[in-house]
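Read through the structure below, which is laid out as structure tokens, and then see the notes.
In listed order, ligands and their atoms are each counted from 1.
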Amino acid sequence: MDVYGLIGNPVEHSLSPPMHEAGYEPLGIDARYVTFEPGSDAGASAVEAAQTLGVSGLNVTIPFKQDVLDAVEADELAARIGAVNTIDFTDSSPIGYNTDAVGAVRALREHDVEIDGTAVVVGAGGAGRAVSFGLADEGMNVEIANRTVEKAHDLAADVPRASGHSLNELGDLLASADVLVNATSVGMDEDRSPVPADALHGDLAVLDAVYSPIETRLLKDAQAAGATTVDGAWMLLYQGVEAFEIWTGRDAPVAKMNDSLRARL
Ligand code: ATR
């Protein structure tokens, strides 16, 4: 039996185990997906331990996404982002990937959103960083707006075709934007949006990285404005689908994984 897992702290409420395990049976894969909660300074040593124990693949979440860089060979995108969320132990040395970036792009694309023109990314933390690189690598211009404006400028300096802004500029930025991504935690378990409702319009596609609640205040406002909306569970799904495909080398049973995820939201 193959063992896959997630390291993070905390991980007890993670939806990754049921999502991944829903993908094994349809493909006849004999595997389990388990969670591990190392101490907050033990991310890199947990990766070494997993390799020693013959674990096939690990996902990595907060607070270890940067720490594990020391314990893996990061692929080019993960190295540029500076964070790893997926580790493959198939080769003699563990390879680190970042599927958050591609997951966001794929969530949009699967909803027929054209990845072209200008994207506004709200948030310059870990999620904002991955999403900004993902969209820029697809050729989009990326306008990064953040509460702490210096962090937006710092991130924009690393990302091709990007610039940094304050949240006050969102109205102007969105007027000519094609895609909006909320990569802040605003709206998580609260009825609040990081974007003024009157800045939204019908030519936008809006992806919210927040998936609790599934229909956030931002997505409700976006729907009312006639925008295309993509909820955060799609982003969670596709970062998992990408990891599944790296590990197994097979097309993931996306519908099954999605059903399992949504049944728990
Ligand atoms: P993650 O890895 O999930 O992105 P993070 O690195 O802690 O988490 O980043 C959280 C993001 O949400 C940041 O962009 C943060 O803005 P600051 O850089 O100014 O802290 C943003 N954020 C959190 N609470 C916010 C709030 N109340 N209003 C606006 N932005 C907020």
- Return yes if some donor-acceptor pair links the side-chain N/O of H20 with the main-chain N/O of G5 below 3.5 Å, else return no. no

- Query: If you measure from atom 30 (N) of ligand 1 to every heavy atom of R192, R147, R129, M188, which option wins on shortest distance?
  - Reply: R147

- For ligand 1, is any non-hydrogen atom under 4.0 Å from A124's backbone (N, CA, C, O), its side chain (CB onward), both, or neither?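 Only the backbone of A124 comes within reach of ligand 1.
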
- Message: Just to be sure I read this right, does ligand 1 sit under 4.0 Å from the backbone of T148, its side chain, both, or neither, counting only heavy atoms?
- Response: both

At what distance is the nearest protein heavy atom to [atom], and which residue and atom is it?
{"atom": "atom 5 (P) of ligand 1", "answer": "G125 CA, 4.0 Å"}
{"atom": "atom 11 (C) of ligand 1", "answer": "T184 CA, 4.0 Å"}
{"atom": "atom 16 (O) of ligand 1", "answer": "N146 OD1, 3.4 Å"}
{"atom": "atom 28 (N) of ligand 1", "answer": "V186 CG2, 3.5 Å"}

- Item | From CA spacing to verdict: ring-ring contact (aromatic ring centres under 6.0 Å, His included), F64, F36 | CA-CA 12 Å; F64 301 124; F36 301 103; over 10 Å; no

- Message: I'd like to check which ligand 1 atoms, numbered from 1 as shown, lie under 4.0 Å from a non-hydrogen atom of S185.
- Response: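 This gives 12 (O), 23 (C), 24 (N) as the contact atoms.
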
- Atom indices of ligand 1 within 4.0 angstrom of G123 heavy atoms, with elements: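 Close to G123: 14 (O).
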
- Heteroatom proximity flag, K151 to ligand 1, N/O under 3.5 Å: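 Yes.
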
- Message: Between the side chains of E138 and R109, is the shortest nitrogen-to-carboxylate-oxygen separation below 4.0 Å, so that they form an ion pair?
- Response: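 Result for this pair is yes, salt bridge flagged.
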
- Task: Flag the pair R264 and E21 as a salt bridge only when some basic side-chain nitrogen lies within less than 4.0 angstrom of an acidic carboxylate oxygen.
- Result: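 Result for this pair is no, no salt bridge flagged.
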
